[in-house]
Amino acid sequence: MTKVTVVMTIAGSDSGGGAGIEADIKTFSALGAHGTCAITSVTSQNTMGVLSAFDLPEEVIRNQIDAVCSDMHIEWAKSGMLSSPGITSTVAEMVSKYGIKLVVDPVMAAEAGGALLRKEAIATLKEDLLPLSYVVTPNISEAVELSGMKITNIEEAKNAARAIAGTGVKAVIVTGGHLDASDVVYESETQEFTVIPGNFVRGGTHGSGCTYSASLTCFLAQGMSLPEAARNAKEFIIRAIQGSKTVGKGVGPVNPLAGMLSDSGRYAVLEDLKEAARIISSSDSFGYLIPEVGSNIAMAIPDAKDKADVAAVEGRIVRLRGLPEVVGNIDFGASSHVARIILAAMNYDSRIRAAVNVRYSEGIIEICRQMDLSTSSFDRKDEPEKAQTMDWGTCNAIERHGSVPDIIYDKGGPGKEPMIRVLGKNARNVTSIAISISERYKKIQTEHAIPADN
Ligand SMILES: Cc1ncc(CO)c(N)n1
């Protein structure tokens, strides 16, 4: 059994199956996460509008969240339809009880018409929930409502985003619908704006806000930065709108399965690895870390099952006249050693998808410790007979550390070179750690005037 990222939606049900909880769970599944839910309200709804809404008692909402969070680890969740002040403050109470990082979709109305929130709930949203939340994702009309400002262009959308951030929420994304369909991302801490360009696309939009915020939640849970997650969520919702199908007489529902990255993120993995390989090739210190058997760098797609889902350098990274040389192409299935390490680590933490192996020495481990990298090791002597060394060794090092460390090393064995592996979220991330280590190691080596051995 492999471990999976578990996320949650706290939202209303749409009997028409296009928005709310139903859209959120489809989106979570499409992105390889396990979705859980707390239903706030049961709407009788179709593609033409909302006929009625029945709010669940606050105790029932609280119980659903307690049931899920007392069992599963929910770091990231999203909220949708919170129709009353009472429901909104209940959600705020539960979010702080479990320390959840919350993505708030400030749902106000259905695409086909029909209010989903009582006006009084807006004040509670701003006063009780937003100050505890990570990001809020209003569309233009919701941003107008939350900020009290008019929005007719990007500059005004930026001003509204900054005003909404005044509630205490860490970030604001004002989505689409501008003259040029771009999204405005504002991060309170750095006061930085990122504008994500877009085009108007044809297709049904029922459930688009829900699907956008649910995908954003998954991307954040996978460890992406906010602008990166926002770029991916935009790409996801564009495909979901383009893939919408006519199911009734009104506004067509978005299709989160069409938004599923058709290559399961393979393209992004190759791009990240290519950039990492380029950085390694131009480093004048990485060569000091290359072991006898060569280095390799590898990265897996989210939800990787076997080595075919892990890309690496076909012929390894070797040292040529002291400098790193990347030999061969980067492709899926190219590594077994580093791939096994990543696959084993992903069972413990699905966000750890990349690794690079480098030479072992006590001095290098000492540098890692000075850099505050967490380290763990395994001893080949302890390996059970039938085990596969990299699977067993990685699991052994992780279990003794209690979580996936930055560094896993072993001191080798008969005919086995000792080795250090740097683990992390992506190829660029492990590359920058390895290069920092190599710069310090090179400095020590050259200071003591001992030529790098080969
Ligand atoms: C239950 C529910 N939540 C959100 C929306 C917004 O799309 C909707 N139409 N229905």
Side-chain angles (χ1 to χ4, degrees), residues 7-28 30 35-57 60-61 64 77-84 87-88 90-91 102-119 121-122 125 129 133 135-146 173-177 183 201 203-217 233-234 236-238 240-241 243-256 259:
V7 289
M8 182 176 206
T9 169
I10 306 169
S13 165
D14 166 10
S15 53
I21 292 276
E22 290 76 10
D24 294 341
I25 300 280
K26 285 185 238 181
T27 303
F28 294 157
T36 63
C37 66
I39 300 184
T40 54
S41 186
V42 177
T43 72
S44 300
Q45 189 178 171
N46 56 30
T47 61
M48 296 188 292
V50 180
L51 286 87
S52 66
F54 177 82
D55 287 350
L56 270 77
V60 177
I61 298 170
Q64 295 174 79
K78 65 150 280 185
S79 66
M81 176 183 177
L82 306 173
S83 65
S84 70
I87 292 179
T88 309
T90 299
V91 172
L102 190 70
V103 174
V104 177
D105 176 14
V107 172
M108 296 185 186
E111 281 74 8
L116 293 168
L117 156 129
R118 281 175 235 137
K119 281 276 182 204
I122 297 180
L125 184 75
L129 191 59
S133 301
V135 58
V136 60
T137 61
N139 60 26
I140 297 286
S141 52
E142 291 159 351
V144 167
E145 192 67 50
L146 289 174
I173 304 179
V174 180
T175 61
D183 296 344
V201 289
T205 55
H206 181 76
S208 54
C210 309
T211 300
Y212 175 84
S213 56
S215 71
L216 185 77
T217 307
K234 186 160 189 79
F236 187 87
I237 193 61
I238 286 172
I241 292 171
S244 116
K245 296 188 178 84
T246 303
V247 298
K249 304 185 186 80
V251 182
V254 299
N255 178 4

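Excluded from the calculations below are hydrogen atoms, water molecules and symmetry mates; all remaining heavy atoms, backbone and side chain alike, are included. Counting convention: from 1, in listed order, for ligands and their atoms alike.
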With side chains defined as the heavy atoms from C-beta onward, is the minimum distance between [X] and [Y] less than 4.5 Å?
X	Y	value
Ser13	Gln45	no
Asn139	Tyr212	no
Leu129	Leu102	yes
Ile173	Leu216	yes

Show the atoms of ligand 1 that are less than 4.0 angstrom away from any heavy atom in [X].
X	value
Ala19	5 (C), 7 (O), 8 (C), 9 (N), 10 (N)
Ala110	9 (N)
Gly12	1 (C)
Ser13	1 (C)

Shortest heavy-atom approach to atom 8 (C) of ligand 1 - which of Leu117, Leu116, Val42, Asp14:
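Looking at heavy atoms only, Leu116 sits closest to atom 8 (C) of ligand 1.
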If you measure from atom 2 (C) of ligand 1 to every heavy atom of Gly20, Cys210, Gly80, which option wins on shortest distance?
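Nearest heavy atom to atom 2 (C) of ligand 1 lies in Gly20.
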State whether a side-chain donor-acceptor pair under 3.5 Å links Asp55 with Ser41.
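A donor-acceptor contact under 3.5 Å links the two side chains.
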Work out whether the distance between some heavy atom of Ala11 and some atom of ligand 1 is less than 4.0 Å.
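In this structure, Ala11 fails to qualify as a contact of ligand 1 - no heavy atom is under 4.0 Å.
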